[in-house]
Protein chains: 2
Amino acid sequence: MNKLKDDILHLSQDCGNCPIRHRAVCARCDSDELERLDQIKYYRSFEAGQTVIWSGDRMEFVGSVVSGIASLTQTMEDGRTQMVGLLLPSDFVGRPGRESAAYDVVATTDLVMCCFRKKPFEQLMVDTPHVAQRLLEMTLDELDAAREWMLVLGRKTAREKIASLLSIIARRDASLKLQGMQGQLVFDLPLTREAMADYLGLTLETVSRQVSALKRDGVIQLEGKRHITIPDFARLLEEAGDDGDGGIMV
Amino acid sequence: MNKLKDDILHLSQDCGNCPIRHRAVCARCDSDELERLDQIKYYRSFEAGQTVIWSGDRMEFVGSVVSGIASLTQTMEDGRTQMVGLLLPSDFVGRPGRESAAYDVVATTDLVMCCFRKKPFEQLMVDTPHVAQRLLEMTLDELDAAREWMLVLGRKTAREKIASLLSIIARRDASLKLQGMQGQLVFDLPLTREAMADYLGLTLETVSRQVSALKRDGVIQLEGKRHITIPDFARLLEEAGDDGDGGIMV
DNA sequence: GTTCGCGCTTGATCTGGGTCAAAGATATAT
DNA sequence: ATATATCTTTGACCCAGATCAAGCGCGAAC
């Protein structure tokens, strides 16, 4: 639970108000704009497993993840589900200009979100082009991430899929903690095997087997079920089938 | 199916010069703006199989597809490839604000594109917020399409994948041709079996087998290798596993 | 015409990952 | 301490789709 605290401390520095600032861009927001944001801001907490919003529901806010993990999921009538987005701290949620949610948003861990009432936020976007501009950049990043993931889903083996997911989480986790890059990364896996499976288009049994295999082969070390050490990040990327530095998943 | 008809009327209007107008939005462009667009416009033609731009290359234009089909593809070192986007006539290509291409853009059929020099186009975006706004909308649409496709890639069977792809192409094709509506759709499949496979994360043999199976079962009719008749679109959607009217793929 | 080439189909066989089933680990509640 | 529940691991078996291989159809080049 230290991690959660760390996250909060880390993010509380600049997460006060502007969700855009989470992405370290809204130095461009002047005090007047920040003032306006403050007035339409509120926080919401969710427990792991809770649904933040159902697909099709009217969406009355936008916001960003302060701590914890949320996921965007799609479900077919027969129950097959696929996560289509992983929302880590600092990621933006919601669609200015869209009436209703296109996906279920689910709290995958305990979750705190910083929300803004949608209408006024949209007005702010209209008034301040650089916020709209920033939103376009973020959307393009998300699109790249989604397409990157299409390669993972369509063409990678189960082992490569697991390695890809671990590398993404390791990278993001490390960057939040200002850690890493000395070759060794340590982090707590914030997803259950089932959540990993839903994200990778696998079954939880296959996930479990492949994680065990990566452990056996020394690609990762594993204490308990969730605490992971990656002795050689380059090796992990190789296992993921990433040429060079791919995997910009957001 | 009313929505389908709306789409049709929508797209048929024109695609003369403004790439944004392709999406039937730039009624908002005034004559001055169209004038500016005309000055930075040029056309390019490609033969089937040609590469429009390689991943990583510097991108000096944005534009949209006038006729033919282009695809965005990713390739791993060992040759596995995955299409991550299908660009049909009226679709936009390029990233204002991005230096280099993130994917290979390949002409899947003979292709004509309407291009705009990137720098001036970006300036136009800055000057006219509604163009930037429109671009955000389009990017959000693409993101939805990509996520829709993640479900296809991650959780659908081969037969469902084929049906999903056919329904997307049928819908788009019909809308371009002002055709259909009597429950029966007729179109020419513009993709080889291999291209379909690359899009669906399958092998070309599996694609061929499943197309044959759909034919055998009367879901589609097939003259020659490419000419397809869909006697009952709702049936096709059912085969695709789409609840309701899903599949908004762009 | 005949031959070449390419896209497509179909068959035979193999295998990665799914499915079904059981049991081990932790954690929280009684 | 025991019980209940959730998450995870592992084994045995199966099947959808991959792989390997052969042949078909048809347009273009000779």
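Naming convention: chains lettered A, B, ... in sequence-line order (proteins, then strands); numbering from 1 in each chain.
- Taking every heavy atom of residues 218-225 of chain B and every atom of DNA chain C, pairs under 4.0 Å involve B/Lys225, by number.
- Here the C1' atom of nucleotide C/dG7 and the CG atom of B/Leu191 are 14 Å apart, to the nearest Å.
- B/Leu204 comes within 4.0 angstrom of a nucleotide base, judged by non-hydrogen atoms across all strands.
- B/Thr192 comes within 4.0 angstrom of sugar-phosphate atoms only, judged by non-hydrogen atoms across all strands, and of no base.
- Remark: A/Ser208 is not in phosphate contact with D/dC7, judged by side-chain N or O atoms under 4.0 Å from OP1 or OP2.
- For the pair A/Gln74 (side chain) and B/Arg147 (backbone), a donor-acceptor distance under 3.5 Å is present.
- Distances shown here put every side-chain N or O of B/Thr203 at or beyond 4.0 Å from the OP1 or OP2 atom of D/dG17.
- At the heavy-atom level, A/Gly49 lies nowhere under 4.0 Å from the strands shown.
- Here the side chain of A/Leu202 is nearest to one of D/dG17, D/dT10, C/dG17, namely C/dG17.
- For the residue pair B/Thr139 / A/Thr139, no side-chain donor-acceptor distance below 3.5 Å is found, with atom types taken as modelled.
- Computed from coordinates, the B/Arg155 CZ to D/dG17 P distance equals 14 Å when rounded to whole Å.
- In terms of phosphate contacts, A/Ser212 brings a side-chain nitrogen or oxygen within less than 4.0 Å of OP1 or OP2 of D/dT10.
- Of the two residues contacting DNA chain C, namely B/Thr206 and A/Arg159, the nearest-nucleotide position lying further toward the 5' end is that of B/Thr206.
- Side-chain nitrogen and oxygen atoms of A/Arg193 include at least one within less than 4.0 Å of the OP1 or OP2 phosphate oxygen of D/dT9.
- Partner of A/Leu87 under the side chain to side chain contact (heavy atoms under 4.5 Å, CB included) criterion, chosen from A/Ile69, A/Thr108, A/Val93: A/Val93.
- For the pair B/Leu200 CG and D/dG17 P, the computed distance is 11 Å after rounding to whole Å.
- For B/Thr81 and B/Asp198, the side-chain atoms include at least one donor-acceptor pair closer than 3.5 Å.
- Panel note: side chain A/Arg155, backbone B/Leu202; a donor-acceptor pair is recorded below 3.5 Å.
- Atom-to-atom, NZ of A/Lys161 to P of C/dG17 comes out at 8 Å; the value is rounded to the nearest Å.
- To the nearest angstrom, P of C/dT9 lies 12 Å from CG of B/Leu214.
- For the 3.5 Å distance criterion, the side chains of B/Thr206 and B/Thr203 qualify, holding a donor opposite an acceptor.
- Taking atom CG on B/Leu153 and atom C1' on D/dA16, their separation rounds to 16 Å, with Å as the unit.
- For A/Glu205 and C/dC20, a side-chain-to-base donor-acceptor distance below 3.5 Å is present, hydrogens and geometry of angles not being considered.
- Not a single donor-acceptor pair under 3.5 Å links the side chain of B/Asp217 to the backbone N or O of B/Leu214.
- Taking atom CG of residue A/Asp188 and atom C1' of nucleotide C/dT26, one finds them 15 Å apart after rounding to whole Å.
- At a threshold of 4.0 angstrom between heavy atoms, the contacts of B/Arg226 are confined to the sugar-phosphate backbone, with no base atom among them.
- Note: CE (A/Met196) to C1' (C/dG17) measures 16 Å, nearest angstrom.
- The base of D/dG11 sits with one of its N or O atoms less than 3.5 Å from a complementary donor or acceptor on the side chain of A/Arg209.
- The base of D/dT10 is not paired with the side chain of A/Arg216 by any donor and acceptor separated by under 3.5 Å.
- Between A/Glu47 and the choices A/Asp110, A/Thr109, A/Leu111, the side chain to side chain contact (heavy atoms under 4.5 Å, CB included) rule is met once, by A/Asp110.
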